[in-house]
Amino acid sequence: MAIFKILLFVILPLAFVLHLAQSNPMFIKNMVQSPPPQKIDCDGACAARCQLSSRPNLCNRACGTCCARCGCVPPGTSGNYDVCPCYANMTTHGGRHKCP
């Protein structure tokens, strides 16, 4: 009976986690706590990023969300995503870029 409990509560969950790790390499990376993003002035950075936008309120809202999560905003009014990869890789449910 003791062997069954060990199998059920230790080995089986460990095997499940290892299976997930092998099938999806990002699983382990997502499990590890990443350091908190650096504190930057998101309002100022997003105001500069969205100054030429045709929809500045929408741009500032999306940019603010991305800045809070990533801790960075690419310079300029568009492009330059290589400076902040987290900002560039964030997508909406529809698969489009979330961050302006």
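The model shown is predicted, which means the values in this text are computed figures rather than measured ones.
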Counterpart residues, side chain to side chain contact (heavy atoms under 4.5 Å, CB included), relative to Thr92 (two or more places apart): Arg96, Lys98

Taking distance alone, no hydrogens or angles, what donor-acceptor pairs closer than 3.5 Å link side-chain atoms of residues 57-68 to residues at least two apart or in another chain?
residue, atom, partner, partner atom, Å
Asn60, ND2, Pro56, O, 3.0
Thr65, OG1, Arg61, O, 3.2

To check you understand the geometry: which heavy-atom pair defines the closest contact between Ala48 and Gln51, and what is its length? O-CG, 3.4 Å

Does anything in residues 42-68 pair up under ring pair (Phe, Tyr, Trp, His ring centres under 6.0 Å), and if so which pairs, sequence neighbours excluded? none

According to ring pair (Phe, Tyr, Trp, His ring centres under 6.0 Å), does anything in residues 50-72 pair up with another residue at least two apart or in another chain? List the pairs. none

Could you list the donor-acceptor pairs under 3.5 angstrom formed by side chains in residues 72-88, with sequence neighbours left out?
residue, atom, partner, partner atom, Å
Asn80, ND2, Pro75, O, 2.6
Tyr81, OH, Cys99, O, 3.4
Tyr87, OH, Pro100, O, 2.8

